[in-house]
Protein chains: 2
Amino acid sequence: MTYTYEYSRPNLAVDCVVFGLDEPNSLKVMLIRRSLPPFQDQWALPGGFVRVDESVDAAARRELQEETGLKDVFLEQLYTFGLLDRDPRERVVTIAYYALVNLQEHLIQAATDASEAGWFSITQLPPLAFDHNEIIAVAIARLKGKVRYEPIGFELLPKKFTLSQLQTLYETVLGMPLDKRNFRKKILKMGLLIELDETQTEVAHRAARLYQFDESTYRQLKEKGFNFEL
Amino acid sequence: MTYTYEYSRPNLAVDCVVFGLDEPNSLKVMLIRRSLPPFQDQWALPGGFVRVDESVDAAARRELQEETGLKDVFLEQLYTFGLLDRDPRERVVTIAYYALVNLQEHLIQAATDASEAGWFSITQLPPLAFDHNEIIAVAIARLKGKVRYEPIGFELLPKKFTLSQLQTLYETVLGMPLDKRNFRKKILKMGLLIELDETQTEVAHRAARLYQFDESTYRQLKEKGFNFEL
DNA sequence: TCAAAAGTGTTCCGAATACACCCATGT
DNA sequence: ACATGGGTGTATTCGGAACACTTTTGA
C-alpha cells in the first residue's frame, strides 16, 4: 500500500527532550542510541514519525513510551524545527517536546529498554544526530525560563520532597545559588506546599520534613489570577 | 507529476496571526476571507501549505506576503496545532506564527490586496474557519505574556512614538490601566529609549516629544544579562 | 562528640505604588 | 479663554537581599 499526493510533502516527526534531576544537583537528558541509519550508533533524542491517524501530542507520547518506557509524565510542546536540511534522507519537519520526570523513579525503565538509553548531564552532551543539540539548547532555555513562573519544577522531584531538595532543584536549573532562608520564606508564603507529618529516613544527619505540592490549591489560586513566581 | 510515499503523511501548513494596534487603543488581528472551500467565504487567518523546498519560517513569510502584502515584519513561531480533525478535507498539521505590525503603515496594503482582508478587534472576532479562533486565543495569551519581558511591543508602534502612545499600547495589550508617572519613570530608567529632538505635529494640544527604541543598546545590555521587564 | 544538614528572624535597601498640579499648544 | 493631553516629584509601602547561629540526628 502506498500513498500518492499531487505535491511533495515534508515528513513530520516528533522528538522529546526528557529532563531528569540527578541527586548531586545535575540536570540530565535522556538519549537513545540509534540502531539505524542515518547517524547509526550516534546518540539522539527519542522520537519518530507522526502517523496520519494520531494527533501530534499523541505521537510524542507514543514515541516516548516506545523508546524509553516512559508514560504519564509531564510533556509539553517546545518548538517546531523546520529548516531544510535537518535530515539527510529527506525533508523532515520535527515538532519537539520536552518532558520532566523524576529520575529516581524512572532510571530503571530507561536502562532496561530494548534500545540502549542513557542519561547525560546537560553540561557534557555527546555530539548528537540531526539538529538535536540545538533542540536541547532550546529546551534548556525554555525550562530555565518557565521554571520561574510555573510550578513545573515539582515534576522533577518525587511526590514527597524536602525543602532542600526543592531549593537544590532551582539552583541547578537556574544555575545560581539561592539563599536558604529567603527561599523557604518565599515558597512557604505561597501556600502551595502541604507540610507532611513525615520526615526523611536513612539519612546520616537530622531528618528533614517532607512536603508535597498542593496541586488543587494551585489550580484554584491560578483561576483567581495568582501568579506563581520564584 | 505526483509523489508517492510508503506511509500516509499529514499535510503541513502555516498560519499567521497578525496583530496591529489601532489608534483608540484596540488590538486588532488581520483576517482574510476564504475564496475556496472548505469554509468558503468565511474569515480565516492568512496561511497555506508548506512547500517541500522551503523552511517553515520561509513558508510563513511567503504566505504572509502573498495573502496580505506584508513583508519585513516581526514574525515569530507561536505553536503547532496537530489535532486530527482540524481540517475537514484531510489531515493537516499547522504551525502557527504571530506577527506584529504598525497598523498605520500597513493599513493600505492589506486593504488593496487581491483577496478581501480586514482588521478585526480581538474583542469582536467573527466565527473563523478551522480552529483559527483557538489559534488566535493562544496568540493573544502569548503576546500578553511576552510583551512584559521582551521589548516586542515597539513593533506595534511607528518608529517614532510618544510615551503616551507607548503607555496606551501596554494598557491595551495587558488590559489594565497604568500610572503615567510611574510608567515614564520606569521605561526611561531602562535607558532603551532615544529621546529625539522632535515633537508631534498636527495635534490640537501640546505636542509630545518623540522617542525611538534603542535596538543596539538593548542588544548590548541583553548580552550582559539585562532583563527587560515592565 | 563529631559531622552534616535542618531549621529559624531581623535589618536594610531599592523598587513599586499612590497621588495632583502646572504647562504648552491649537482652536 | 478654554480644552486637551504633556509633563513632572514626593512620601509611603512592600518585597527582595543579606546575613549566622542553634538544633537534631546518625555514625
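Letters go in sequence order (proteins before strands), and every chain restarts at 1.
Here B:Ser164 reaches the OP1 or OP2 of D:dG6: one of its side-chain N or O atoms lies under 4.0 Å away.
Remark: C1' of D:dG6 and CD of B:Gln165 are 13 Å apart, rounded to the nearest angstrom. To the nearest angstrom, P of D:dG6 lies 16 Å from CG of B:Leu196. Per the geometry, NE2 belonging to A:His205 stands 12 Å off C1' belonging to D:dA27, to the nearest Å. The CZ-P distance, from A:Arg206 to C:dA6, rounds to 9 Å in whole Å. If you take NZ of B:Lys186 and P of C:dA18, they are 13 Å apart, rounded to a whole angstrom. Rounded to whole Å, atom C1' of C:dG7 lies 12 Å from atom CD of A:Gln167. Atom-to-atom, CD of B:Glu195 to C1' of D:dG6 comes out at 13 Å; the value is rounded to the nearest Å. As a whole-Å value, the separation of A:Arg209 CZ from D:dT24 P is 13 Å.
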Walk me through whether A:Thr168 and A:Phe161 qualify under side-chain contact (heavy atoms from CB on, under 4.5 Å). CA-CA 11 Å; A:Thr168 302; A:Phe161 51 84; over 6 Å; no
Applying side-chain contact (heavy atoms from CB on, under 4.5 Å), run through A:Trp119 and A:Asp22 and close with a yes or a no. CA-CA 9 Å; A:Trp119 292 97; A:Asp22 208 0; over 6 Å; no
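Ring centroids of A:Phe226 and A:Phe228 are separated by 6.0 Å or more, keeping the two rings apart.
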Between protein and nucleotides 8-10 of chain D, what N or O pairs are separated by less than 3.5 Å?
residue : atom : partner  : partner atom : Å
D:dG9   : O6   : B:Arg181 : NE           : 3.4
D:dG9   : N1   : B:Arg181 : NH1          : 3.4
D:dT10  : O4   : B:Lys185 : NZ           : 2.9

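In this structure, B:Thr162 reaches neither bases nor backbone, as no heavy-atom distance under 4.0 Å exists between it and the strands shown.
By the 4.0 Å N-to-carboxylate-O rule, B:Arg219 lies too far from B:Glu223 to be salt-bridged with it. The residues B:Glu76 and B:Arg142 are annotated as not salt-bridged, no charged nitrogen and carboxylate oxygen being separated by less than 4.0 angstrom.
The 5' end of DNA chain C is approached more closely, in terms of each residue's nearest nucleotide, by A:Leu163 than by the other of A:Leu163 and B:Ala207.
Residues B:Ala99 and B:Leu64 come closest through the heavy atom pair CB-CD2, 4.3 Å.
Looking at B:Ser121 and B:Thr123, their side chains do bring a donor and an acceptor atom within 3.5 Å of each other.
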